[in-house]
Structures are given as C-alpha cells and as structure tokens.
Q: 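Handing you a structure now.
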Amino acid sequence: MVVGVLALQGSFNEHIAALRRVGVKGIEVRKAEQLEKVSSLIIPGGESTTMAKLAHYHNLFPALREFVRLGKPVWGTCAGLIFLADKAVGQKEGGQELVGGLDCTVHRNYFGSQLQSFEACLSVPELASKEGGPETFRGVFIRAPAVLEAGPEVKVLAEYLTSSEKEGGQGGEKVIVAVRQGNLLGTAFHPELTADSRWHSYFLKMAGEVEEGTSNSTVTIASSSDLSLPFNEHTANDLPIFE
Ligand SMILES: NC(=O)CC[C@H](N)C(=O)O
C-alpha cells in the first residue's frame with residue numbers, strides 16, 4: 001500500500017516517518033497528478049490558511065475534492081482536519097478554502113494560541129486492541145482546532161474534557177477531537193509527533209477496508225509492540241512552531 005501525504009507545508013515528514021515505522025511507504029504529494037498514484041491520503045498538521053493558499057496556487061483543490069468524493073480514505077490531522085471539514089469558524093478575514101466532505105463545523109484555534117498548546121491523555125475505545133491493549137492515547141495539541149458540530153453520519157472517536165478556562169470554552173466541557181465519517185478520519189491532535197503508531201495503524205486498517213469494500217465505521221486494531229516505546233518528549237516550549 002502506498003499512502004500519499006500532502007506535502008505543501010507542516011508535519012508531512014513526520015507522517016512519512018510514522019508510516020515507515022509501521023512498514024508502509026508514504027509519498028509526498030504536491031501536484032494533482034501525484035494524487036492519481038496513491039490510494040489514500042494524509043493531510044498533515046501545519047497552518048491551514050497557508051496550506052490552503054499553496055493548494056490553491058498549485059490548483060489542487062479540485063483534485064483533492066474529487067479524491068474525497070470518490071470515497072478514497074483521507075486522514076486530516078489538525079490543520080488537515082480543518083481542511084476536511086465542511087465548515088470552519090475562527091478563520092482569518094476573507095475566510096479560507098476547504099476541501100470539505102466531513103459533515104462538521106470546526107473551530108480553527110479552539111484551544112487558543114500557540115502558547116496554549118498542550119498534551120492530554122484521551123480515551124479512544126477504537127484504539128484498544130482485541131487483546132485488551134490500552135484505549136488511552138496521549139494527544140499532542142498544537143494551536144489545535146476542535147469539532148463544534150458533527151452531522152449524523154459522523155462517528156465521534158475521542159473527546160477532550162476541558163479543565164480550565166484558559167484552554168478555551170468554559171472548562172469542564174467535552175469537546176470533540178477525533179471523528180470518522182466513512183472514508184474520512186479527522187484528529188485535532190498530532191499522532192505523528194508521538195512514538196505511538198496506533199492512529200497510523202487505524203488509518204491503514206480503515207484504508208484497507210475501504211479498498212476492499214468492507215468498510216464500516218468500526219476498525220479493529222491489533223496490539224502493537226510500539227506501545228512500549230516512550231512518547232516523544234514534547235513540551236509546549238519545544239513543539240514545532242506552526243504559524
Ligand atoms: N497544529 C496545527 O495544525 C494547527 C492548525 C491551526 N489551528 C490552523 O488553523 O491551521
């Protein structure tokens with residue numbers, strides 16, 4: 001399986017490295033014709049406004065929309081989630097172009113500025129292995145978006161309980177941070193910045209099922225030896241800066 005990774009801006013190298021760790025080749029996609037060579041696509045985190053400008057410049061939007069429309073598997077992380085949403089709020093003046101397809105409204109910077117970046121332990125039942133592996137996942141949130149509204153076809157895979165007012169919202173509020181709608185997967189955080197490759201395995205399994213035509217919204221994750229690896233030691237101060 002060859003997975004395309006949109007390589008206009010942001011953490012595309014980290015996704016390619018994460019794919020390599022699970023034994024899959026990821027190839028950089030910058031042009032519409034390169035999309036024809038891949039069966040699934042990851043849209044990385046970064047800065048969605050900049051990425052949208054670059055995608056527009058390279059005339060990629062029609063091909064990306066067609067890719068989604070054809071039912072090919074696409075995973076958007078952070079800025080990539082914003083790209084996939086049908087609607088985004090909190091955009092810069094004049095708005096920004098979206099690929100769409102995911103029946104969601106996202107807030108671009110729900111958790112605040114770069115300084116409000118954080119890590120949090122999330123409960124993700126879909127990531128638990130059959131053998132009873134953990135369902136918890138350490139999410140790295142960098143100036144992260146959140147899903148404000150999700151349509152009936154959207155399955156919520158993870159929520160985050162805000163604990164204080166400075167993280168946005170009123171505190172003690174549940175916000176949606178991971179979703180799946182058929183062939184589309186969206187995470188508000190950055191699994192490619194951790195050593196835990198279960199989200200990449202989840203996407204590959206999902207992509208395999210979409211290709212075989214046996215897709216439903218449930219994917220079984222095999223237990224992964226990667227779980228014993230330590231997480232990368234990111235702190236809010238040494239996280240990559242995405243403007
Ligand atoms: N880490 C990220 O991808 C941040 C996304 C950012 N909030 C945006 O609007 O693009």
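All heavy atoms count here, side chains included; hydrogens, waters and symmetry mates do not. First listed ligand is number 1; within each ligand, the first listed atom is number 1.
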Q: Short list, please: which atoms of ligand 1 are under 4.0 Å from a heavy atom of R143?
A: 4 (C), 5 (C), 6 (C), 7 (N)
Q: Output all residues satisfying salt bridge (Lys or Arg N to Asp or Glu O under 4.0 Å) with E149, sequence neighbours left out; order by chain, then residue number.
A: none
Q: Only heavy atoms of G45, strictly under 4.0 Å: list the atoms of ligand 1 that pass.
A: 3 (O)
Q: Can you name the atoms of ligand 1, numbered from 1 with element, that are less than 4.0 Å from a heavy atom of S48?
A: 8 (C), 9 (O), 10 (O)
Q: With ring centroids as reference points, do F118 and F189 lie under 6.0 angstrom apart?
A: no
Q: Please state which part of I82 comes within less than 4.0 Å of ligand 1, counting heavy atoms only: side chain, backbone, both or neither.
A: side chain
Q: Can H190 be said to touch ligand 1, with heavy atoms closer than 4.0 Å?
A: yes
Q: With heavy atoms of C78 as the reference, note each atom of ligand 1 found under 4.0 Å away.
A: 1 (N), 2 (C), 3 (O), 4 (C), 5 (C)
Q: For E135, give me all partners under salt bridge (Lys or Arg N to Asp or Glu O under 4.0 Å), at least two apart in sequence or on another chain.
A: none
Q: We want to know whether Q116 and S113 form a side-chain donor-acceptor pair, criterion being a heavy-atom distance below 3.5 angstrom.
A: yes
Q: Heavy atoms only, cut-off 4.0 Å: how does M51 contact ligand 1, side chain, backbone, both, or neither?
A: neither
Q: Under a plain distance cut-off of 3.5 Å, with no hydrogens placed, do S11 and E192 share a side-chain donor-acceptor pair?
A: yes
Q: Counting heavy atoms only, which of P145, G46, G112 comes nearest to atom 5 (C) of ligand 1?
A: G46
Q: Does the N or O separation between A144 and ligand 1 drop below 3.5 Å for any pair?
A: no
Q: Would you say the side chain of V106 lies within less than 4.5 Å of the side chain of L84, judging by non-hydrogen atoms?
A: no
Q: Can the ring centroids of F111 and Y160 be said to lie less than 6.0 angstrom from one another?
A: yes
Q: Could you tell me, atom by atom, which parts of ligand 1 come under 4.0 Å of a heavy atom of N109?
A: 6 (C), 7 (N), 9 (O)
